[in-house]
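To keep things clear, I will list the structure first and then write my remarks on it.
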Amino acid sequence: MERMNELRLHGRGGQGIVVAASIFAESVFLTGKYARAFSLFGAERRGAPVTAFIRVSERRLMPRSRIYSPDYIVILDATLNKNNLTAGITEKSIVIINAATEEENLRREIELKGATAVYTVNATAIAWKYNLTIGSFPLVNTVMLGSMVRVSGFSTLKNLYTAIRKRVSVSIEANLKASEEGFTSVKEVERVGT
Amino acid sequence: MTFELMSGNQAAATAVLKAGVDLIAAYPITPQTAIVEALANFAAKSQLKGEFVSVESEYSALSCCNGAAAAGARVFTATASHGLAYMHEMIHWCSGARLPVVMANVNRAIGAPWCLDPDQGDSLSQRDTGWVQIYCAGAQEVFDTILQAFVLAEEILLPCMVVFDGFYISHTYEVIDVPDNETVASFIGKPSFRGQVVPGSPANIHGLIPSESLHRHAERIHKDMISAGERFKKINDRFAAVFGRRYNCMETFIPRGAKNIIITAGAMAETIRWNLPGLPDTGLIQMRMFRPFPAEEIRVVIEELTIEKVIVIDRNCSAGAGGIIGQELKAALYGMERKPALVNLILAGGIDLTAEMLEKVSRLNVEKGTTSEKWGCDLS
């Protein structure tokens, strides 16, 4: 892999997106590549939109700008503003959606922008299954991480486990199982069509 | 040598832990908060040998550091934005009293209105306070520069501000080389300066003096500040011998035949380096040291390479004057026979520098010897 790859994550405050970005970067680093992850979260509020950016490369030097045309878009919450979710999608883009929420309209827009593939994973249900919640708020981050590793191939499940163990301090076993289920259950979906 | 993934804020805190500080006094503020959290954690786990003082404001934080440094302690504080502004009086006092305090400032815009993005106006508006200012382009530089800053500050008896961009560095997780404690200790040593006061022996210091004495005092500070550039080079030689990495007052990335040079400080430097191959005959000067300003070094590069256009990228604006680094550079070029064109790209508010802006600004035609100002919002 010579070129740099760019991932953009969309979620809400409380879903663990900032931690997820650092875990993914750690798992990529363990696989022998350079990674950088950073987040924009404005004021820190539960439910507020949060965007995280991850870059993966063989080389240390990477830009420090936001990501405008991502290779991968990871959507933790499909009810976020569609313009933000679909911004910069090109024919090289691959999109992974937490499909727990009604997402057909979103998928239609993603297809219209020409994304090469769309994957879905039922991350909210998996998070509930393993009791990964704060109050009634499901923590889908580790599920999505499993899916990201599977779809991108930038790391391995083993290295993801190591990164989760290093950066998560509670419910570690549940998070590992959730990430494994995110890895095994993420599926490329047929086009919705117009 | 251990490679670890950490954020810029964690890199700063880890460097401070390894530097063997005697005292830390700091107050949390976004986007610096994680530095204070990490240092408080080190203190709670007894990893920190020095004292961690919880204060109720930034003003108290620097006052506390000033007092401890006056007693000969190696001290550290960190802040950002409004916190730095709130320290302002003590910032002057610190350099006037010749106290080698080291501070990390994480760039963030100053209100009103509230904004969290990394406008550099917080640190640059403290440029005339007698502090050394060094800007970092990544977490490794943050770690390394904090170590260097203690050595430099204690050598010239002037405080040193290590500056890096909020979010683009403070909240970016990246891989850095974290040296072990012994290696750090072999470079940084024990505090090498004498305290001005001895606890238990009350003394009145920095009392009222006539202007003629203050005149001499100001001249000494000015000359010692100017000497910081040369001293920093020697410190870097020693740093390179221990750690295998070298930094200078400024870093140059200039391809053969370059006609344009971009000059900037901080995180934007790496975005520019990444984009350089696609820009027409363009090189980069990454300014690390802003005070003292490396005017002579920049002039030499521009003269020797017969640079035709200089593009200064300022993530700040001094209303009525323009970009602050741009202003300093215009002064540095004064008297040059062959003056290049100077374009000042202003990204005040802390907006993101994009590849599109770089492309457009590098293709601008500006007449030699003239200046031009562009705002980022007009280029995207």
Side-chain angles (χ1 to χ4, degrees), chain A residues 3-9 13 17-45 48 50-69 87-88 155 159-160 162-167 169, chain B residues 3-10 28 30-31 33-34 108 114-118 136-141 164-177 245 253 264 266-278 284 286 315 347 350-358 376 380:
Chain A
R3 60 185 283 268
M4 175 179 68
N5 277 279
E6 298 182 311
L7 299 85
R8 195 175 68 203
L9 282 63
I17 190 168
V18 176
V19 178
S22 71
I23 293 173
F24 193 78
E26 180 97 45
S27 77
V28 170
F29 166 52
L30 291 168
T31 312
K33 290 184 275 278
Y34 285 104
R36 280 185 184 171
F38 81 103
S39 315
L40 296 175
F41 42 83
E44 295 157 60
R45 285 184 303 240
V50 181
T51 308
F53 306 97
I54 305 171
R55 289 188 168 95
V56 175
S57 175
E58 299 286 347
R59 292 175 58 213
R60 190 182 199 121
L61 178 66
M62 289 179 248
R64 289 190 190 276
S65 49
R66 300 178 191 183
I67 293 170
Y68 297 97
S69 182
S155 183
N159 287 335
L160 178 62
T162 309
I164 289 174
R165 283 185 194 281
K166 187 166 173 191
R167 295 191 171 267
S169 51
Chain B
F3 286 94
E4 278 184 54
L5 185 92
M6 59 170 76
S7 70
N9 279 340
Q10 288 169 340
T30 302
T33 307
R108 167 186 151 184
W114 293 115
C115 179
L116 302 173
D117 283 323
C136 304
Q140 184 76 59
E141 269 191 58
F164 53 100
D165 309 61
F167 299 100
Y168 294 102
I169 293 178
S170 69
H171 286 60
T172 296
Y173 288 82
E174 58 190 294
V175 178
I176 76 162
D177 172 9
R245 291 184 291 275
F253 306 91
T264 199
M268 292 183 291
E270 292 205 339
T271 304
I272 297 164
R273 275 176 69 192
W274 173 265
N275 284 288
L276 272 187
L284 167 72
Q286 175 202 338
R315 201 134 68 182
L347 307 181
I351 63 168
D352 194 16
L353 173 67
T354 63
E356 195 183 359
M357 287 179 196
L358 282 169
S380 52

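By convention in this document, chain letters (A, B, ...) are assigned in the order of the sequence lines, proteins followed by strands, and residues within each chain are numbered from 1.
Of the candidates B:Glu270, B:Glu174, B:Gln140, B:Gln140 is the only one forming a side chain to side chain contact (heavy atoms under 4.5 Å, CB included) with A:Arg60.
Heavy-atom pairs under 4.5 Å with chain A were tallied for B:Ile272, B:Thr172, B:Thr354, B:Leu353; the largest tally goes to B:Thr172. Each of A:Lys166, A:Arg36, A:Glu26 has some count of heavy-atom pairs under 4.5 Å with chain B, and the biggest count is that of A:Arg36.
Only the side chain of B:Asp117 comes within contact range of chain A, with heavy atoms under 4.5 Å apart. Proximity to chain B is limited to the backbone of A:Ala35, based on heavy atoms less than 4.5 angstrom apart. For a residue to count as touching a neighbouring chain, one of its non-hydrogen atoms must lie under 4.5 Å from one of that chain's; by this rule B:Ala137 touches chain A with the backbone only. Residue contact with chain A, scored on non-hydrogen atoms closer than 4.5 Å, involves the backbone of B:Ala139 exclusively. Proximity to chain B (any heavy atom under 4.5 Å) is restricted, for A:Tyr68, to the side chain, taken from C-beta onward.
With a 4.5 Å cut-off on side-chain heavy atoms, B:Asp352 and A:Ser65 count as touching.
Judged by distance alone, the side chain of A:Arg64 and the main-chain N or O of B:Gly266 form no donor-acceptor pair under 3.5 Å.
Between the CZ atom in A:Arg66 and the CD1 atom in B:Ile351 there is a gap of 9.0 Å [rounded to 0.5 Å].
Residues B:Trp274 and A:Met62 approach most closely at CE3-CA, 4.1 Å, considering heavy atoms.
Aromatic pair B:Phe167/A:Phe38: ring centres not closer than 6.0 Å.
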